[in-house]
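Naming: A, B, ... by sequence-line order, numbering from 1 per chain.
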2 protein chains.
Amino acid sequence: MPLELSVDRSSPVPLYFQLSQQLEAAIEHGALTPGSLLGNEIELAGRLGLSRPTVRQAIQSLVDKGLLVRRRGVGTQVVHSQVKRPLELSSLYDDLEAAGQRPATKVIVNTVVQASAEVAAALNVAEDSDVHRVERLRLSHGEPMAYLCNYLPPGLFELNTDQLEATGLYRLMRAAGITLHSARQSIGARGATAEEAERLTEREGAPLLTMQRTTFDDTGRAVEFGTHTYRPTRYSFEFQLLVRP
Amino acid sequence: MPLELSVDRSSPVPLYFQLSQQLEAAIEHGALTPGSLLGNEIELAGRLGLSRPTVRQAIQSLVDKGLLVRRRGVGTQVVHSQVKRPLELSSLYDDLEAAGQRPATKVIVNTVVQASAEVAAALNVAEDSDVHRVERLRLSHGEPMAYLCNYLPPGLFELNTDQLEATGLYRLMRAAGITLHSARQSIGARGATAEEAERLTEREGAPLLTMQRTTFDDTGRAVEFGTHTYRPTRYSFEFQLLVRP
DNA sequence: TCAATGCGTATGTCCGGACAATCGAACTAC
DNA sequence: GTAGTTCGATTGTCCGGACATACGCATTGA
């Protein structure tokens, strides 16, 4: 029984995108079972009234997402494993919200400071030039979960404390028209200093999970540098990654 | 001054791949400076004697790698930031070797055991069925750096202790014809148990970086499940990730 | 002076076709 | 029975063209 697929040519949504979304929904929904063959591209194109390149583009986007696997001479199969989503540049806020945790944020510091050598190097600005500094405590179920310290270059956009407590930093940046492109991250661990321990209601020397990140927009500007510490009993980094073929 | 580009039509290497490699080399080498425009696709295609779809395919692969950015009505630009490589499914061994650290491996355990509930769930095999168990100590500059405990389903390939000490697990799997596809990872931290502390020559309770990973091949089979502990003073996870547009 | 309009340019989408490379299975020969 | 060969099926690569869409800039108008 072939899958119900159709495209709307009067829609402004690209045809290949309509198709890829329907296929993805069918996989998610279980209509396309893992391991099942998708049927050959030419026949699929004919059935939908599309050209083969358009169908290929739709399929390729799902291959890139890790949902499909192509085998020459065999066909295109639905991947058999539990693919969730590849690692993306997500904010802690979004992660928690997606998990239904209703995160709370408390802005501790929101000011302008002179860039230290480390911050200046990360943001590619002159040392001692002005940069925004934001320190936030992220809570989940009323308990401290992470301490986030971020630096932003000046003139990027207004850092409103109320907004920072209502949503995540990345969402604010996107809303300000900044196109996030890539980030360099470093994840490590260390014992908590006395100050860190107090912030997170841990004892001194307790193991902490740490993350440093510099984010770039599509022009190559560094738009954010952050140093985060997490309570490992309450947070860990979970993600899926794909092997680039 | 246009860039020197050419393709060899007698080569079995796909034309779009030849072009993308040359462009990538030009970016790496500095012939294409960050921010510079690549020149429009049609003119580029004409200059190389290629069709526009072929040129687009080459460019697209570099966009996917994060090296180029396309802007409608503007052109294609070289990304201005320091892109190294996106996060990939690399083994610790490869990482260390790439950093010129000449890693050493000591196989502590290489045997077959009955799968615990956790291992059975991760590998999707029956509880108490036979699985391979490998425990290795990874050293760098003669000092312990990580303790790696891995489980593999039976019948996948022969786990030779000598080979395990000479190279990484992923390299062995690839050599055995296994096509790695994706992995689910979890990175956290905790204090060392007495046993862990001794293995890594740390004191009990010292902060450790932990990683759990299940790797799948392109048929969806789980081919490996591992629990790793790292000394955070000697190792951290460094990677770059791209925003999927 | 400043905002709205129009235009050129570049990428985005889509088509229909052609041939090559590879996989798997059926078939054949020993 | 087994090994090698052939063959159909399917994806991979490539072509040349067409129109749509969005951005930046110059022109125009108030």
(request) Please report, rounded to the nearest Å, how far the P atom of C:dT13 is from the CG atom of A:L19. (result) 14 Å
(request) Taking atom types as modelled, find out whether B:T215 and B:Y170 have a side-chain donor-acceptor pair closer than 3.5 angstrom. (result) yes
(message) Given C:dC23, D:dG24, C:dC15, identify the nucleotide with an atom nearest to the side chain of A:S51.
(response) C:dC15
(message) For the CD atom of B:Q22 and the OG atom of B:S6, what is their distance to the nearest 0.5 Å?
(response) 5.0 Å
(message) Quick check: on DNA chain C, is the nucleotide nearest A:R71 upstream (toward 5') of the one nearest A:L15, or the reverse? Name the residue that is more 5'.
(response) A:L15
(request) Rounded to the nearest 0.5 Å, what's the gap from CZ on A:R52 to CD1 on A:I42? Could you check? (result) 5.0 Å
(request) Answer with base, sugar-phosphate or nothing: what part of the nucleic acid does B:R56 contact at a heavy-atom distance below 4.0 Å? (result) base
(request) Using whole Å, report how far OH of A:Y16 lies from C1' of C:dC15. (result) 16 Å
(message) If I take atom CD in residue B:Q57 and atom P in nucleotide C:dT13, what distance separates them, rounded to the nearest angstrom?
(response) 15 Å
(message) Could you tell me how far apart B:I42 (CD1) and D:dA20 (C1') are, to the nearest whole angstrom?
(response) 13 Å
(request) Sort out for me which residue in A:E135, A:R136, A:H132, A:R133 forms a side-chain hydrogen bond (donor to acceptor under 3.5 Å, both in side chains) with A:N150. (result) A:R136
(message) Would you say that more than 12 heavy atoms from the other residues, nucleotides or ligands in this model lie under 6.0 Å from the CG of A:N40, or not?
(response) yes
(request) Return no unless some side-chain N or O of B:R70 is found under 4.0 Å from OP1 or OP2 of C:dG12. (result) yes
(message) Whole angstroms only, please: what is the CD-C1' distance between B:Q60 and D:dT13?
(response) 16 Å
(request) Let me know the distance between CG of B:L44 and P of C:dT9, rounded to the nearest Å. (result) 18 Å
(message) Whether B:R9 contacts D:dT13 is assessed here as follows: a side-chain N or O lying under 4.0 Å from the phosphate OP1 or OP2. Is that the case?
(response) no
(request) Would you mind telling me which of C:dC15, D:dT13, D:dT11 lies closest to the side-chain atoms of A:L50? (result) C:dC15
(request) Using whole Å, report how far CD1 of B:I59 lies from P of C:dA10. (result) 13 Å
(request) Could you state the atom-to-atom distance from CD of A:E41 to P of D:dT13 in whole Å? (result) 11 Å
(message) With rounding to the nearest 0.5 angstrom, report the CD to OG1 distance, B:Q212 to B:T227.
(response) 4.0 Å
(message) Categorize B:P14 for me: base, sugar-phosphate, or nothing, with a 4.0 angstrom heavy-atom threshold over every strand shown.
(response) sugar-phosphate
(request) Taking only the side-chain nitrogens and oxygens of B:T76, find out if one of them lies under 4.0 Å from OP1 or OP2 of C:dT11. (result) yes
(request) Flag yes if more than 12 heavy atoms outside B:F237 fall under 6.0 Å of its CZ atom; otherwise flag no. (result) yes
(request) Could you check which of C:dG12, D:dT11, C:dC15 has an atom nearest any side-chain atom of A:N40? (result) D:dT11
Please tabulate, one pair per line, each protein N/O and nucleotide N/O from nucleotides 19-21 of chain C that are separated by under 3.5 Å, including the distance.
{"unit_1": "C:dA21", "atom_1": "O4'", "unit_2": "A:R72", "atom_2": "NH1", "d": "3.1"}
{"unit_1": "C:dA21", "atom_1": "O3'", "unit_2": "A:R72", "atom_2": "NH1", "d": "3.4"}

